[in-house]
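Each residue takes its place number in the sequence, starting with 1. Remember, predicted model here, so these are calculated numbers, not experimental data.
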Amino acid sequence: MENPTKNKIQNLIDSNPVMVFMKGTKLMPQCGFSNNVVQILNSLGVAFNTFDVLSDFEIREGIKEFSEWPTIPQVYLKGEFLGGSDILIEMYNSGTLKEKIEIALAS
C-alpha cells in the first residue's frame with residue numbers, strides 16, 4: 001500500500017472516535033453488511049463517521065491490508081479495529097459492544 005493511502009486511512013481513524021469504512025454512507029448504505037453496522041450503532045445512540053469505500057478504490061483495497069481483514073465494513077473504536085458486520089452483531093447481542101463503546105468514549 002502506498003504511504004499516502006496508509007496516511008489517509010490512519011488520519012480518518014485518528015480523527016474519529018468511531019470510524020466505519022463501509023459501502024455507501026450511514027444515510028444510504030450500499031450493502032446489507034454495511035447497513036447492519038449502521039443499524040447497530042444507531043440503535044446504541046453512538047455518534048460515528050463513515051467513509052464510503054466505493055468512492056475511493058485506493059482506500060477500498062488499502063483498508064483490507066491496513067487491518068489485515070479481508071471484508072468491508074470495518075469498524076474502528078478509538079483507533080482499535082473491532083471487526084466487521086458479523087463481529088459487531090455478535091458483540092451487540094452479547095452486550096459487550098455497548099459496554100466497550102461506553103468505556104472507550106468515556107476515556
Side-chain angles (χ1 to χ4, degrees):
M1 168 179 16
E2 298 291 320
N3 270 345
T5 301
K6 185 177 181 180
N7 291 342
K8 185 172 181 182
I9 291 169
Q10 190 66 59
N11 287 338
L12 286 165
I13 292 168
D14 291 345
S15 301
N16 300 287
V18 181
M19 186 68 209
V20 181
F21 293 88
M22 60 181 279
K23 294 178 181 173
T25 66
K26 61 179 150 184
L27 297 177
M28 182 87 73
Q30 297 294 308
C31 83
F33 299 111
S34 293
N35 186 52
N36 290 341
V37 168
V38 168
Q39 296 305 317
I40 287 170
L41 294 174
N42 282 339
S43 75
L44 294 175
V46 176
F48 63 100
N49 288 6
T50 62
F51 184 88
D52 180 6
V53 298
L54 298 176
S55 72
D56 188 322
F57 180 79
E58 297 294 324
I59 299 290
R60 181 178 183 172
E61 294 307 309
I63 192 65
K64 297 172 189 177
E65 184 180 329
F66 185 89
S67 64
E68 298 178 358
W69 191 260
T71 60
I72 294 166
Q74 295 188 14
V75 180
Y76 288 81
L77 173 62
K78 288 283 198 108
E80 176 190 353
F81 175 61
L82 292 183
S85 177
D86 291 348
I87 291 173
L88 249 65
I89 290 169
E90 188 178 299
M91 291 175 73
Y92 176 78
N93 288 335
S94 72
T96 58
L97 181 63
K98 181 178 182 187
E99 181 181 332
K100 189 170 189 73
I101 289 172
E102 287 173 353
I103 290 169
L105 297 181
S107 60

Which pairs would a plain distance check flag for residues 80-93, meaning a side-chain donor or acceptor within less than 3.5 Å of a matching protein atom at least two apart in sequence or in another chain?
unit_1, atom_1, unit_2, atom_2, d
Ser85, OG, Asn36, ND2, 3.3
Tyr92, OH, Ser43, OG, 3.4
Asn93, ND2, Ile89, O, 3.3

Is any side-chain heavy atom of [X] closer than 4.5 Å to a side-chain heavy atom of [Y]?
X: Val38; Y: Phe48; value: yes
X: Glu61; Y: Thr5; value: no
X: Val18; Y: Leu105; value: yes
X: Phe51; Y: Ile63; value: no
X: Lys6; Y: Phe66; value: yes
X: Pro17; Y: Tyr76; value: no

Which residues satisfy the side-chain hydrogen bond (donor to acceptor under 3.5 Å, both in side chains) test with [X], sequence neighbours excluded?
X: Thr25; answer: none
X: Ser55; answer: none
X: Asp14; answer: Gln10

Pairs in or reaching into residues 28-47: which pass salt bridge (charged side-chain N to carboxylate O under 4.0 Å, His left out), with residues at least two apart or in two chains?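 Counting only pairs at least two positions apart or across chains, no salt bridge (charged side-chain N to carboxylate O under 4.0 Å, His left out) contact touches residues 28-47.
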
Please walk me through it: do Leu12 and Phe21 pass side-chain contact (heavy atoms from CB on, under 4.5 Å)? CA-CA 9 Å; Leu12 286 165; Phe21 293 88; 3.8 Å; yes

side-chain contact (heavy atoms from CB on, under 4.5 Å) involving Asn49 - partner list, sequence neighbours excluded: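 Asn16, Met19, Lys26.
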
Could you work out, with side-chain contact (heavy atoms from CB on, under 4.5 Å) as the rule, every residue matching Glu102, not counting sequence neighbours?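 Per chain and number, Glu102 pairs via side-chain contact (heavy atoms from CB on, under 4.5 Å) with Lys98.
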
Are more than 12 heavy atoms from other residues, nucleotides or ligands located less than 6.0 Å from atom NZ of Lys100?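 No, the 6.0 Å shell around NZ holds no more than 12 heavy atoms from other groups.
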
Cluster overlap Val75 with Leu44, hydrophobic side-chain contacts below 4.5 Å: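 Yes, one cluster joins them.
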
Under the salt bridge (charged side-chain N to carboxylate O under 4.0 Å, His left out) rule, collect the residues that match up with Lys78, sequence neighbours excluded.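 Listed in chain order: nothing, the list is empty.
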
Under the rule for salt bridge (charged side-chain N to carboxylate O under 4.0 Å, His left out), what residues qualify as partners of Glu99, not counting sequence neighbours?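 Applying salt bridge (charged side-chain N to carboxylate O under 4.0 Å, His left out) to Glu99 gives none.
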
Show me the side-chain donor-acceptor pairs of residues 28-35 shorter than 3.5 Å, one per line, residues at least two apart or across chains.
unit_1, atom_1, unit_2, atom_2, d
Gln30, NE2, Met28, O, 3.2
Ser34, OG, Lys23, N, 3.1
Asn35, OD1, Gln39, NE2, 3.3

Atom pair CE (Met22) and CD1 (Ile72), whose distance is rounded to the nearest 0.5 Å: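 Answer rounded to 0.5 Å: 11.0 Å.
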
Which atom pair, heavy atoms only, marks the closest approach of [X] to [Y]?
X: Gly62; Y: Ile9; value: C-CD1, 3.6 Å
X: Thr71; Y: Gln74; value: O-NE2, 3.1 Å
X: Gly79; Y: Ile13; value: CA-CG2, 3.5 Å

